[in-house]
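What follows is a short report on a single structure.
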Amino acid sequence: MTAEEAPEAPVAPVGAAGPDEAAPAPALQRLSELVRRVNSSTDTAEVLEEIVHGVCEVLGYGVAAIARLEGDTLVMTAVAGPDDVRRQVLGRRTPAAEILDEFRQADRWGILRFVPHGRMDNARLTAAWIPDFEPDDDPMAWHPEDALYAPLYSATGGLLGNMAVDLPTGNRIPSIHERELLEMFVVQAGLALSNAQQRERLAEQVRLGSTVKEVAQAGSQPGIEAILSDACRAVQRGLGATQVWIRCYPDEDRANGVAAGHPRPSPTGAGVVTLRADLSELWPSADPVVVHISDESCDRLPSSLPKLQQMMTSVGAFQVVVMPMGVALSLLGYVVIGFPGSRGPLRASELDAIAEIARELGRSVHSARLLETEQRLVSELRELDRYKGELITTISHELKTPLTTIIGHAELLGELHEHRSVEAITRNAERLNRLVQNLLDYSRVQDRRAAVRVDVDVIECCRAAIDLVAHLADTGRVGIELVVCCEQVSVSGDPEDLSLVVDNLVSNAVKYTRPGGTVRIEVACDDHEVRVTVRDSGLGISEADQVHLFSAFHRSSNPEALSIPGTGLGLAISRRIVESHGGRIEVESVVGEGSTFTLALPRAPHRTP
Ligand code: ADP
């Protein structure tokens, strides 16, 4: 619409009519009814019907019709008049440009446009409906080729439709007073279309908003295929599209990329269309590109146009919107949405929603890819860990038999000849034997499947551990003290494993305590758990070493501790066992003052997951 076509206020208000030309009572009554209906009814078609019938019945026109603008075409929606005229005119489609052209040649009668006979060109005359009667010579007589229109505008000046009337009362050109009355009906028609437009816009906003939301929700689907397929369905339904295609370009996890289509599946093999050359040039600009089936060139997608038109032909789409999809600087793929020929140009709100949909999808695909990479790495690490465990078990088993033989023979030799070399062989072989045993324990608790659960007396475990280290404690002049809360405290668990944990804590305490030091073992319990505290006055462990203390093969950096033989596996094995019993193991330590290890086990039976 150009400025010259902008709506104007009516020339004169109704009150300006002379006393002899006062608006007839039925006209005002009908009008007030219409005003009420226009403001309250949501059925636009019904209101428009009432308006055209009011114009004929109250103002006496032979024919009245209202056309609504759909895209760039005016579609005749409501017609009042003889049946044969209604049949001929209803549903008629006229390009809006033709009518606007006609308005330019019209006389302005306030908000009405009058095109007197002789001005309309022949093409329009043939297309228009012309009443069949003989013209009169009287200059005030209505001529069959006269046309009286009223363009209907929104409050913001956009063309919404057009009202046309023919065959005025007495077949005479309407007087100013009659025109003013007609204008009042025209204003109501404009309001009805304006209300309808607002309702449609609101409904569209809701529809587009929920489509974007559905696409965002598709992002929570497991896997890119499911995300794309759900998004295709949501977009096709929400935008009333003929076809939707979404494609993700290949990445290191998927050499062929991923694609989805709805209602038809995405092409495969030789049929795959990537559009990558053009989209890489566009990205990271994220504006939708609209392509029509009849376009001969496309500046933004120069090399993709023929492929896009092929895609459109295959599904009967007349226009497509191409929207690159990605995050930050990386182009991940595209969204292509095809629309049928019956629909008009896409509105700005729809193009904005498509851009938002592609942004949502870009984010979802990016997160899904990160998750897939993470899952692949985790399963690779698991496989590596399983292989490591298998290797440790196999090698340890292979070492165990020859070592036992070596130790046996070395002891025999030692009994026969007391020689330093024999002693060294025995000592080192036993050290190796301990390492192998630790390795076997470690891989056993790592790969735990079934769990033994019986009542284990924790105090008994502590006493057995003290017996085990008694010789070492005597030699190292370390005093051991056991303090218990009661006679017997049981937990449910694997007796062999729990003994291994207590033995390890007690032997470490003795091992890493200087002569003259003490080790105090305390057993306490409440209704929920049993706690064994092993406190020593030994070397202590630095804060940095405490961080990795329970990791396999970790030995503290303190040179004095390092000089004491050990494998760095005992605490890793202990933690694994304690956790499989639903308990916890903790350390508090100060270098030079000593360490306190606390083992806490639940009293209720615990099932290994
Ligand atoms: P190992 O004692 O066989 O080396 P552990 O896993 O039992 O293996 O212990 C890991 C490391 O933690 C030890 O090498 C030692 O440096 C340190 N550590 C463990 N217990 C104590 C303790 N009570 N006092 C000081 N250091 C300790």
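Counting convention: from 1, in listed order, for ligands and their atoms alike.
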Can you find a pair of side-chain heavy atoms, one from [X] and one from [Y], that are under 4.5 Å apart?
X	Y	result
Thr518	Val478	no
Arg347	Arg201	no
Asn504	Leu571	yes
Leu228	Val365	yes

Item checked: Side-chain ion pair, Arg382 and Asp385, N-O less than 4.0 Å -> no
Note to self: Any carboxylate oxygen within less than 4.0 angstrom of a Lys/Arg side-chain nitrogen, looking at Glu398 and Lys400?
What the structure shows: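 Salt bridge flag = no for Lys400 with Glu398.
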Among all protein non-hydrogen atoms, which one is nearest to [atom], and what is the separation to 0.1 Å?
atom	value
atom 1 (P) of ligand 1	Gly568 N, 3.4 Å
atom 19 (C) of ligand 1	Asn508 ND2, 3.5 Å
atom 5 (P) of ligand 1	Leu571 N, 3.6 Å
atom 26 (N) of ligand 1	Ile541 CG1, 3.4 Å
atom 3 (O) of ligand 1	Thr567 N, 2.9 Å
atom 14 (O) of ligand 1	Arg555 NE, 3.1 Å

Provide the number and element of each atom of ligand 1 under 4.0 Å from a heavy atom of [X].
X	result
Ser595	24 (N)
Gly566	1 (P), 3 (O), 4 (O)
Leu549	12 (O)
Leu569	6 (O), 8 (O)

Notebook entry, point to check: Picking from Arg514, Lys511, Arg555, what satisfies salt bridge (Lys or Arg N to Asp or Glu O under 4.0 Å) with Glu560?
Noted result: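 By the salt bridge (Lys or Arg N to Asp or Glu O under 4.0 Å) criterion, Glu560 pairs with just one of Arg514, Lys511, Arg555: Arg514.
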Checklist line | Residue that, paired with Leu601, satisfies side chain to side chain contact (heavy atoms under 4.5 Å, CB included) out of Val456, Val489, Val501, Leu498 | finding: Leu498
One residue to check: [X]. Relative to ligand 1, which of side chain, backbone, both or neither has a non-hydrogen atom less than 4.0 Å away?
X	result
Asp536	side chain
Leu539	neither
Val534	neither
Ser556	both
His554	backbone

Margin query: Within this structure, what is the CZ-CD1 distance for the pair Phe550 and Ile585, rounded to the nearest 0.5 Å?
Written below: 4.5 Å
Check: Among Phe597, Tyr442, Tyr512, which one has a heavy atom closest to atom 13 (C) of ligand 1?
Finding: Tyr512
